[in-house]
Amino acid sequence: MTYFGDPTIWLPLAFAVLMGLSILIYVVLDGFDLGVGVLFPFAEPAQKDRMVASIGPFWDANETWLVLAIGILLVAFPTAHGQILTALYLPVAIMLIGLILRGVAFEFRAKAPPARKGLWNLSFYAGSMMTALSQGYMLGMYIMGLEQRPATWAFAALTAVFLTVGYSFIGAAWLILKTEGALQRKAVGWAKGGIWGLILGLGAVSLASPLVSPRIFDKWFTMPEALFLAPLPIISAALVALLWIALRRLPTRDDRFAWFPFTVSIAIFALAFCGMAYSFYPYVVPEKLTIYEAASAPESLFIVLIGTLFVLPMILGYTVLSYRVFRGKATALSYE
Amino acid sequence: MDTLLLSRIQFGANMSFHILSPTITIALGWMLLAFKLAWQRTGNDKWMEAYRFWVKVFALSFGMGVVSGITMSFQFGTNWPGFMETVGNIAGPLLAYEVLTAFFLEAVFLGIMLFGASRVPVWTHTLATFLVAFGTTMSAFWILVLNSWMHTPVGFEMRDGVAHATDWMAILFNPSMPYRLTHMLLASGLTVAFLIAGVSALRWLWGDRSDAVRATLRTGVFVGAALIPLQILAGDFHGLNTLEHQPAKVAAMEGNWETRGNAPLLLFAVPDEDARENRFEMGIPNGASLILKHHAAGVVPGLNDFVGEDGSVMHPPVAPVFYSFRLMVGTGFAMLFLSWGAAILMTRRRAGVEGLPRPVLWAMVPMALSGWVATLAGWYTTEIGRQPWLVDGVLSTEQAVAAVPAPMVASTLIAYLAVYAALLVAYISAILYLARKAAGGDSPETTTPRGQSMAARVSGE
């Protein structure tokens, strides 16, 4: 281990990067399938089936990224895991119940008696809403340094709404890619509404983080760092503007550029995520505990890292394989 | 109630609900692979029909397992932060390997297994089925390594109150792991065998005379009959292993207060922890000594050995361990009698399913859930039997609990319980509905095995 320098420095950093990557992949992947759930009440019954068909083969693996992210937090930064999750006790519980309700609905709505289908649709929608709202609430509380005050609750309530609308945007972008005809046209309309969640959410987080923490303010607004960082918000704004233009022209007659909104929204989520990671580094519990203070013993981290370096490329490989198997427009889900 | 007790009930409730799904999916995954391979080998469509019916049950079970599993991964942090803070260096890597080598594998290939049959070659689909079954089993391996280590911790040293791994091979193959893993995998096999037998019996009673229902009923009965003696043997070995490493647990299982020879095997009793004695005892003389020490005068540990000078009780609560152990063993023997009885009736004069009288078929229906009962009872025995420790001799349950206000734990507990109760009802009624649909009327499954109408009928939508 000593060949690579001080393992108490680079191991926590490596795990912070891995955790960040898992959270980002989770937010994008489960973001689109949660978003599809959020959009559920706006669709006709047949469209609902098609919407579920577009995410059916993927949702389970998508949620596994959440388990990996929380697992890395648990494994690499156990103290932080305890502090963050006890501080977010109720929103976590609401999210978990939401995940349960929507997760079981996938199978039950297709296999329970037809008379019950409406109930399972409701369970899918309510579960998606609970999950998205509580994740947005947790994001807000995290930015507010996990402090429990009426002002922080109010901010978290705002981010809850914005993230949910933001998820509905990426969900709509996914549907533009995976569906056709009336549903696709409808999805373009949803995306035009959902993009506001993205804009307001990005704005709220960008404004609030530096205002809450002078440390974050200094990181962003001192020369010369500010110059290097300037492209981040500028590119984000440009991408949003491009999306706006694209949505006015979609769907195109030969379905070209159906991939565009989804791809661009991945880029926007990634940029926003990098911005947040930069703001909070080196803290894992905001302003309280750094990744270096919270890290587990290097021997244990090393064992996990070795496994991760072997297995993660395989996971990414067969995830890509699965998206290739189910590429193209979504068709009715069939066990045949 | 205080936070500790509420948190324990909450974890117990989450765990109990969660274990129901993997108990089914571990063995059902392999069973589906067997159905698939039997169909590929023989070309007999009854195996494909069996596959198509049970893959739906698999999908329902798997969905419940995934979502309740996510709940588990958060519970460590929300309710038991002291666990990872003390033994995180050991529990962490084990959990990480479970996520990396099992969860992703099963989750990704489940998509292909369920919905990809028309999009990939047959062998890829069979491979996906194999990888899902393999993933569920890997998951069981890692989590049982961790669980067993909590019962029989080795291969570590304590530095400043935190456990540090010193020997990973010792941790992986800790003393109780082989027994617990075997016991659990067999439990999964039995759960699935009786579930398949019970649901098939119900279809038969509802008038379903298809080749598929004959095949699955036969499979369920014979797999159950083959596994139950192995399970009784494995359980016995596991008990001896527990006697060696956790004598207080065995004392509670036997309801034995004083260390003594010629200890009876209690068939029934009401343990009274305040008086430190049993009421209404009914037992077989020398039974416990014979089972645990293999001779009548063998000395069996008693609970009173685990009370400190200051009166502090360091053994588990007796009654729950005592009763759940009996419930597990009793269910096991009911499984033995039913599966052997049915197997004999079916083989005698090659009678097949027709050789089974209606009462036997009806007995199989409630026994479809016998695996769940025995598995839960077994887990309560071993987990309550570990108290007051969370990690035996290292960390007490009380030390690990989070300082979350009790009302918060209580309100989330009620919410979880309500959701779980509703889901259980939904799960069982969905299986009954699928069975009713499969048993009902013209059964196009037998006439158009791979046709277009079939696709519409069994499609996920």
Side-chain angles (χ1 to χ4, degrees), chain A residues 49 52-53 56-58 60-61 63-64 66-68 70-76 78-79 81-86 88-90 92-93 96-97 99-101 103-104 106-108 110-113 116 296-297 299-300 303-304 307-308 311-312 315 318-319 321-322 325-326 332-336, chain B residues 52 55-56 59-60 63-64 66-71 73-74 76-78 81 84-85 88-90 92-93 95-97 99-101 103-104 107-112 114-120 164-165 168 402 404 408 412 415-416 419 423 426 429-430 433-434 450 454-455 458-461:
Chain A
D49 288 349
V52 169
F58 309 116
D60 182 356
E63 282 184 1
T64 309
L66 176 66
V67 178
L68 181 63
I70 208 68
I72 294 177
L73 180 63
L74 180 84
V75 171
T79 334
H81 180 259
Q83 285 185 22
I84 294 171
L85 291 188
T86 45
L88 297 173
Y89 192 87
L90 274 186
V92 165
L96 293 174
I97 290 177
L99 285 172
I100 293 173
L101 289 178
V104 295
F106 279 96
E107 295 299 335
F108 277 104
K111 295 185 182 62
R116 300 270 171 74
S296 306
E299 314 90 80
S300 291
I303 292 247
V304 179
T308 311
V311 181
L312 203 60
I315 292 174
Y318 57 67
T319 303
L321 172 85
S322 145
V325 166
F326 296 101
L333 283 186
S334 159
Y335 279 13
E336 286 293 293
Chain B
R52 286 205 199 99
V55 78
K56 288 178 211 166
L60 288 174
M64 296 214 312
V66 169
V67 293
S68 55
I70 296 174
T71 312
S73 67
F74 280 86
F76 291 122
T78 51
M84 288 308 284
E85 280 160 21
N89 287 326
I90 287 143
L95 289 169
Y97 272 89
V99 178
L100 289 169
T101 61
F103 287 174
F104 278 106
V108 170
F109 286 100
L110 180 74
I112 297 177
L114 292 184
F115 308 117
S118 63
R119 290 169 176 262
V120 295
H164 287 257
W168 277 104
V404 180
M408 205 130 93
T412 51
Y416 283 123
V419 171
L423 287 181
S429 30
Y433 172 74
L434 289 174
R450 284 186 72 79
M454 187 63 199
V458 301
S459 69
E461 291 307 318

Q: Are the side chains of A:Leu321 and B:Phe109 in touch, meaning some heavy atoms are under 4.5 Å apart?
A: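 Yes; the side chains approach each other to less than 4.5 Å.
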
Q: Side chain, backbone, both or neither: which part of A:Ile100 has a heavy atom under 4.5 Å from chain B?
A: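 Both backbone and side chain.
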
Q: Is B:Phe104 close to chain A through its backbone or its side chain, or both, or neither, when contacts mean heavy atoms under 4.5 Å?
A: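 Both parts, backbone and side chain.
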
Q: With a 4.5 angstrom heavy-atom cut-off, could you sort out which part of B:Phe103 is near chain A: side chain, backbone, both or neither?
A: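 Both parts, backbone and side chain.
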
Q: Please classify the contact of A:Leu68 with chain B as side chain, backbone, both or neither, using a heavy-atom distance under 4.5 Å.
A: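 When you check distances to chain B, atoms from both the backbone and side chain of A:Leu68 fall under 4.5 Å.
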
Q: Compare all side-chain heavy atoms of B:Met408 with those of A:Leu90 and state whether any distance is below 4.5 angstrom.
A: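 Contact flag for B:Met408/A:Leu90 side chains = yes.
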
Q: Given that the side chain runs from C-beta out, which part of B:Ile112 has a heavy atom under 4.5 Å from chain A: side chain, backbone, both or neither?
A: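 Contact with chain A: backbone and side chain both.
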
Q: Is any side-chain heavy atom of B:Thr412 closer than 4.5 Å to one of A:Tyr89?
A: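 Side chain of A:Tyr89 against side chain of B:Thr412, heavy atoms only: contact under 4.5 Å found.
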
Q: Please state whether the side chain, the backbone, both or neither of B:Val108 comes within less than 4.5 Å of a heavy atom of chain A.
A: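 When you check distances to chain A, atoms from both the backbone and side chain of B:Val108 fall under 4.5 Å.
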
Q: Quick one: which of A:Leu99, A:Ile72, A:Ile84, A:Leu101 has the most heavy-atom pairs under 4.5 Å with chain B, could you say?
A: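 The answer is A:Leu99.
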
Q: Taking every heavy-atom pair that is under 4.5 Å apart, which of B:Ser429, B:Ala96, B:Gly88, B:Pro93 has the most such pairs with chain A?
A: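 Sorted descending by pairs with chain A, the first entry is B:Pro93.
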
Q: Using side-chain heavy atoms (C-beta onward) and a distance below 4.5 Å, is B:Phe74 in contact with A:Leu66?
A: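 Result yes, sub-4.5 Å side-chain heavy-atom pair found.
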
Q: Check each atom of A:Leu73 against the heavy atoms of chain B and say whether the ones under 4.5 Å are side chain, backbone, both or neither.
A: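 Neither part; nothing is under 4.5 Å.
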
Q: Counting only non-hydrogen atoms closer than 4.5 Å, does B:Leu100 touch chain A with its backbone (N, CA, C, O), its side chain (CB onward), both, or neither?
A: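 Its backbone and side chain both get close to chain A.
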
Q: Of all the heavy-atom pairs spanning B:Pro81 and A:Gly82, show the shortest one and how long it is.
A: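 For B:Pro81 versus A:Gly82, the nearest heavy atoms are CB-CA, 3.8 Å.
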
Q: On a heavy-atom basis, which atom in B:Ala107 and which in A:Thr64 lie closest, and how many Å separate them?
A: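 Looking at all heavy atoms of both residues, the shortest contact is CB-OG1, 3.6 Å.
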
Q: Let me know if B:Ile70 has heavy atoms under 4.5 Å from chain A in its side chain, its backbone, both or neither.
A: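 When you check distances to chain A, atoms from both the backbone and side chain of B:Ile70 fall under 4.5 Å.
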
Q: Under 4.5 Å between any side-chain heavy atoms of B:Tyr97 and A:Ile303, yes or no?
A: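 B:Tyr97 reaches A:Ile303 side chain to side chain.
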
Q: Sequence neighbours excluded, which residues qualify as ring pair (Phe, Tyr, Trp, His ring centres under 6.0 Å) partners of A:Phe58?
A: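 Here the qualifying residues are A:Trp174, A:Tyr323, A:Phe326.
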
Q: Pick one of side chain, backbone, both or neither for A:Leu88, based on which atoms fall under 4.5 Å of a heavy atom in chain B.
A: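 Neither part.
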
Q: At a heavy-atom separation under 4.5 Å, does A:Val325 approach chain B through its side chain, its backbone, both, or neither?
A: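 For A:Val325, backbone and side chain are both near chain B.
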
Q: Please give me the minimum heavy-atom distance between B:Val66 and A:Glu63, naming the atom from each residue.
A: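 Closest approach of B:Val66 to A:Glu63: CG1-OE1, 4.4 Å.
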
Q: What are the two closest heavy atoms between A:Glu107 and B:Leu114, and how far apart are they?
A: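 The pair with the smallest heavy-atom distance is OE2-CD1, 3.7 Å.
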
